[in-house]
Amino acid sequence: MGVDRSEQQKQAQAQAQDAKKLRRHFGLLAALGVILVLAGVVGLVYTGLATLTSMFLFGWLLLIGGVVGLVQAVQSRKSNYFWLAVIVAAINIAAGLVVLRRPEASAEALTMFAALFFLIGGVFRLVGAVVVRGTHFALTLLQGAFGILLGVLILWEWPSSSRYVIGVFFSLALLFDGLGLIALGLGARRVLGMVAEEEQPVTGTTEAAGTPGTPGTAPPTADQEQSNN
């Protein structure tokens, strides 16, 4: 019985340590979310700086991805898709260099692409909502109209809109991702705290039901004393 109780205590200590580690990890996750939220708010205030920062990050991602793809293509040069991998890697490297050397022109091109994407997507959604008339007709119609309006507004002020459109989208992405991480971290810590509170009475009950003669043991009954005598 003593061995079983010691094993239960070890298991309880291990579970407590694991829960502590999980709470620490989720706390770091929430802290990362706070940093992302602050970065998103700063980006929304300084949209021009956010646009340039996002373009430099995009350029470096293209360049690094192209170099990694080229190395992998060289390592698998005996495969059938060797030349295709080399071409894709070369395009990524060239695009990354262009974005890093001309971030303003690259932002204008990406803004034009985003405006056309919103405009064409909005038209398709609007036409699809009118033709199909499904259960989400009103929502699809609203999404299509909003996409068309956003595309028209971006194209109306292009290329001056390229100074803030990419930065606004990038900052909003950081803001919502940060809020999601904060909600996940705080929610997980709350759940772990509730689980720990529910396990405490169970542990106390287990310790109370120990061997005879130990603290918390129920006194022997009259029948047990007679049998012992």
Side-chain angles (χ1 to χ4, degrees), residues 13-72 89 92-118 121 143 146-147 149-151 153-154 157-199:
Q13 292 177 357
Q15 291 177 356
Q17 291 178 357
D18 293 338
K20 187 177 180 180
K21 290 180 181 179
L22 286 175
R23 284 195 295 269
R24 187 183 302 113
H25 293 329
F26 284 118
L28 293 176
L29 196 65
L32 178 60
V34 172
I35 294 173
L36 291 180
V37 168
L38 292 177
V41 172
V42 172
L44 289 175
V45 175
Y46 302 99
T47 55
L49 180 61
T51 298
L52 290 177
T53 302
S54 61
M55 295 310 302
F56 278 117
L57 289 176
F58 182 59
W60 278 111
L61 286 175
L62 287 175
L63 186 60
I64 295 172
V67 171
V68 172
L70 186 61
V71 172
Q72 291 180 351
N92 287 332
I93 292 174
L97 292 175
V98 170
V99 171
L100 290 175
R101 293 191 64 179
R102 300 290 302 276
E104 294 85 0
S106 302
E108 291 178 2
L110 284 179
T111 303
M112 173 67 75
F113 176 78
L116 293 177
F117 176 79
F118 285 123
Q143 289 177 348
F146 181 74
L149 179 62
L150 188 59
L153 289 176
I154 294 174
E157 296 184 359
W158 189 86
S160 61
S161 60
S162 61
R163 300 175 182 175
Y164 58 86
V165 169
I166 304 294
V168 168
F169 289 161
F170 182 68
S171 301
L172 287 176
L174 290 178
L175 182 62
F176 287 114
D177 288 343
L179 291 175
L181 290 178
I182 292 173
L184 178 62
L186 295 180
R189 285 175 63 88
R190 189 178 297 109
V191 170
L192 288 175
M194 293 172 62
V195 172
E197 291 177 357
E198 291 179 358
E199 288 180 352

**ring pair (Phe, Tyr, Trp, His ring centres under 6.0 Å) pairs, two or more places apart, involving residues 161-188** = F118-F169
**Message:** Can you give me the closest heavy-atom contact between G69 and A89, atom names plus distance?
**Reply:** C-CB, 3.9 Å
With a cut-off of 3.5 Å and sequence neighbours excluded, list every side-chain donor-acceptor pair involving residues 93-111.
residue	atom	partner	partner atom	Å
S106	OG	R102	O	2.8
T111	OG1	A107	O	2.6

**Message:** How long is the straight-line distance from CD1 of I35 back to CG of L174, given to the nearest 0.5 Å?
**Reply:** 11.5 Å
Can I get a per-line list of side-chain donor-acceptor pairs under 3.5 Å for residues 36-61, giving both atom names and the distance, sequence neighbours left out?
residue	atom	partner	partner atom	Å
T51	OG1	T47	O	2.9
T51	OG1	R163	O	2.9
T51	OG1	G167	N	2.9
T53	OG1	L49	O	2.7
S54	OG	A50	O	3.1
S54	OG	T51	O	2.7

